[in-house]
Amino acid sequence: MTIEVWAPRAARVRLRLAGLPDGAADIEMTPRDAGWWTTLATPNPGEEYGFVLDDSDVRPDPRSRRQPRGVHDLSAWDDAASFVWSDAAWTGRQLAGGLIYELHVGTFTREGTLDAAIGRLPHLVELGVTHVELLPVNGFNGTHNWGYDGVLWYTVQEDYGGPEAYRRFVDAAHGAGLAVVQDVVYNHLGPSGNYLPEFGPYLRDGQSTTWGSSIDLDQRAVRDYIIDNALMWLGEMHVDGLRLDAVHALHESASSPVHILQEIAERVDALSAHVGRPLSLIAESDLNDPIMILPREAGGYGLTAQWVDDWHHAVHVALTGETEGYYADFADPQALPKTWTGGFYHDGTFSSFRGRDWGAPLPAAVPSWRLVTFAQDHDQIGNRAAGDRLSQSLTPARLEVAAVLTMTAPGTPMLFMGEEWGASTPWQFFTSHPEPELAAATREGRKAEFARMGWDESLVPDPNDPATFERSKLDWSELDEPAHARLRSLYRALARLRRDHAELTDPDQRGHAAESVGDGRWILHRDTASVYVNLSPEPWTVDLTDREVWLATTTAHEHLVDAGPLVLSADSAAVVGARGGDGLVPTRGHAVYTPAD
């Protein structure tokens, strides 16, 4: 076996093995073409090692799978082949018809580990989740972080349990019938522990992102570093999909013959054909450009799906009334109908936040499941000044309306951990930078950012204060409290509705229609099914001729009506469909749908 490293900036490269006797010399590596260095020496499983570039200090392996003492120290050789997988019968899950659950390993449980997260998988199965999406787990400096400050993309953060725990998690998820989607960051590197520029030109001169220097995608070896990483998660780690962070911040020359996203998609499609299971690529993009998800035959990149922030913004404004910043345009009463029917609100229209026209229309032939829709996610909560969830500002009735909108909207719905029970804990921006100057810069930068947007900077917690991280952990003890249990039962009922009624997963955009019928009132259609939303202060009477109620959150009826008009109380919603003889269990507030025997 050969160990190799790309280090075109070094004139000499040596391999240091911690298992060699004291005083033993480092192993000289042999230069090869295009800046690669190789040696036949290989570390033993678990043995620590690193590379010495010229006369510098030893550095971790850029493709390290494990960093037992952090990103500044030696790597440890990970013997992936020794793990005994039990998922041989796993055939994967397609994204169409799915329900994604986004979670952060460090705050999902009190322990903050992958093994502890395994213990909560039954909760996700009962909820109706099909795909578990993990925020980035790659190596970062410190003990806790959102994950977007990663500097060693191939490793699994040791505080989460390292690569062995990661394999246990994926194996257990597959055993529970859950697909795993891994969030990966290819647009920048974190501020501490980034030694890649010492090895080679990983960073792009003269171009940067919001978070730091841009990655140099014009370097073939850098592109391969990214593509090989994607294939590692999907192949070696048995993951079922990747969420590609902020793809609008991927910079390459216009002369590049193939866009990096298309190149990743082509390689992943080939791997999918080889392993015989669906592999999904989900882009986070604020460009509102259909090129992300159009097939390559139609000039697109051929990714599986993309997040749609416009849907979030429309729902958020409707529920909260907030219209500051990028929410301003979504005060339009037609924002909710437009994003329901077409995905993008800005589809070539003027964006006041950006000061120019933005986006392009989504072709009618694109199936709506390719759009990932959500009312809350890690960004839209954590990038608020106080990291407050909707549950910390909305009434229980409006949280129920949020649930109905999230779970019935065209697209693939996604929940953020704890959303399903209206978790009372915030999810704040937290870091654990050991360097005082970096901690101070992050703290002051956060305050300045929110001050520019008109927020009270006293609301902004110190990201590096351990209490900020601790506050952000879910409190599972509240799960069965009456108000939380009621909301959770609604999400479960809505997930059942999606499984039992094809109208709620039909991806044909031609069956999606919507209208604003008054201040705070909308009728949203999916083929023959309709969602009535009443966010006005007055009751709304809905005719049910030849229709039946599948689910309602109204409190206007002692028992759910099966015929005659339905009165929607203020801040309520109902899902109504063609009468077809399906059974309904009438309850106050919610209709819990059960198929007829």
Side-chain angles (χ1 to χ4, degrees), residues 101-117 119-120 123-124 133-137 140-150 157 159-161 183 190 316 320 322 374-396 399 402 415-436 438-451 453 455-481 483-485 487-488:
Y101 189 93
E102 185 189 32
L103 68 86
H104 175 266
V105 174
T107 52
F108 184 56
T109 64
R110 179 55 50 187
E111 299 87 347
T113 65
L114 287 154
D115 284 328
R120 294 297 181 181
H123 167 82
L124 304 185
E133 182 175 311
L134 304 181
L135 266 66
V137 299
F140 54 82
N141 195 24
T143 58
H144 51 269
N145 191 287
W146 275 20
Y148 299 92
D149 284 333
Q157 180 73 8
D159 299 273
Y160 297 159
D183 193 345
H316 187 88
T320 69
E322 293 180 12
F374 46 89
Q376 301 183 74
D377 75 335
H378 75 276
D379 267 331
Q380 301 297 342
I381 299 172
N383 283 326
R384 295 172 64 82
D388 51 312
R389 298 168 178 263
L390 289 179
S391 57
Q392 293 168 288
S393 59
L394 296 185
T395 63
L399 288 178
L415 307 179
F416 182 67
M417 61 178 195
E419 177 180 350
E420 72 275 18
W421 79 76
S424 63
T425 50
W427 203 72
Q428 300 175 328
F429 181 74
F430 49 81
T431 58
S432 57
H433 298 309
E435 305 92 340
L438 186 53
T442 303
R443 178 173 56 251
E444 296 309 313
R446 237 1 225 185
K447 287 184 177 181
E449 177 184 358
F450 285 108
M453 295 188 291
W455 291 77
D456 181 356
E457 67 176 55
S458 68
L459 297 175
V460 183
D462 179 356
N464 229 55
D465 183 347
T468 305
F469 171 59
E470 292 298 325
R471 278 193 299 271
S472 299
K473 291 189 175 186
L474 286 178
D475 179 6
W476 287 87
S477 69
E478 64 185 13
L479 188 63
D480 294 320
E481 294 175 5
H484 297 297
L487 185 60
R488 179 166 57 113

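This is a predicted model, so every value here is computed, not measured. Note: hydrogens, waters and symmetry copies are ignored here, and every other heavy atom, side chains too, is used.
- R488 meets the salt bridge (charged side-chain N to carboxylate O under 4.0 Å, His left out) test with D480; sequence neighbours excluded.
- In terms of the side chain to side chain donor-acceptor pair (under 3.5 Å) criterion, residue partners of N145 (sequence neighbours excluded) are, by chain and number, D149.
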Practice task
Please lay out, stage by stage, how S472 and F430 fare under the test side chain to side chain contact (heavy atoms under 4.5 Å, CB included).
Solution key: CA-CA 9 Å; S472 299; F430 49 81; 3.9 Å; yes
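- For E444, the side-chain contact (heavy atoms from CB on, under 4.5 Å) criterion is met by K447, not counting sequence neighbours.
- Residues meeting the side chain to side chain donor-acceptor pair (under 3.5 Å) test with H144, sequence neighbours left out: none.
- E102 places a side-chain N or O within 3.5 Å of a backbone atom of H378 that can act as its donor or acceptor partner.
- Remark: side-chain polar atoms of T113 are not paired, donor with acceptor, to backbone N or O of G161 under 3.5 angstrom.
- For the pair P461 and A385, the tightest heavy-atom approach, listed with the atom from each and the gap, is CD-O, 3.2 Å.
- For F429, the ring-ring contact (aromatic ring centres under 6.0 Å, His included) criterion is met by W146, not counting sequence neighbours.
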Practice task
Tell me, with the steps shown, if T425 and K473 meet side chain to side chain contact (heavy atoms under 4.5 Å, CB included).
Solution key: CA-CA 7 Å; T425 50; K473 291 189 175 186; over 6 Å; no
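- For the residue pair E435 and N141, the shortest heavy atom distance occurs at OE2-ND2, 3.1 Å.
- In this structure, CD on E449 lies 6.5 Å from CG on N383, to the nearest 0.5 angstrom.
- R389 CZ to W427 CH2: the interatomic distance, rounded to the nearest 0.5 Å, is 9.0 Å.
- Listed by chain and number, the residues in a salt bridge (charged side-chain N to carboxylate O under 4.0 Å, His left out) with D159 amount to none (sequence neighbours excluded).
- Two rings, from F108 and H123, have their centers 6.0 Å or more apart.
- One distance of note links CG of L103 with CD of E419; it measures 13.0 Å at 0.5 Å rounding.
- Y160 pairs by the ring-ring contact (aromatic ring centres under 6.0 Å, His included) definition with nothing, not counting sequence neighbours.
- For the residue pair G147 and P136, the shortest heavy atom distance occurs at O-CB, 3.2 Å.
- The minimum heavy-atom distance between L474 and G418, with the atom names listed, is CD2-CA, 3.9 Å.
- At distances below 3.5 Å, at least one donor-acceptor pair connects side-chain atoms of Q157 with backbone N or O atoms of F140.
- Remark: E322 pairs with H316, T320, E324, Y327, R384 by the side-chain contact (heavy atoms from CB on, under 4.5 Å) rule, at least two apart or across chains.
- Applying the salt bridge (charged side-chain N to carboxylate O under 4.0 Å, His left out) rule to D379 yields no partners; only residues at least two apart in sequence or on another chain are considered.
- By the salt bridge (charged side-chain N to carboxylate O under 4.0 Å, His left out) test, D115 is found to be paired with R168, residues two or more places apart in sequence or in another chain being considered.
- Between E478 atom CD and S391 atom OG the span is 8.0 Å, to the nearest 0.5 Å.
- For the atom pair CG (D183) and CG (L134), the distance works out to 9.0 Å, reported to the nearest 0.5 Å.
- The two atoms that bring Q376 and L390 nearest to each other are OE1-N, 3.2 Å, heavy atoms only.
- For E470, the side chain to side chain donor-acceptor pair (under 3.5 Å) partners at least two apart in sequence or on another chain are R110.
- Here the CG atom belonging to L487 is positioned 11.0 Å from the CH2 atom belonging to W421, to the nearest 0.5 angstrom.
- Every residue two or more places apart in sequence or in another chain that forms a side chain to side chain donor-acceptor pair (under 3.5 Å) with T468 is listed here: R471.
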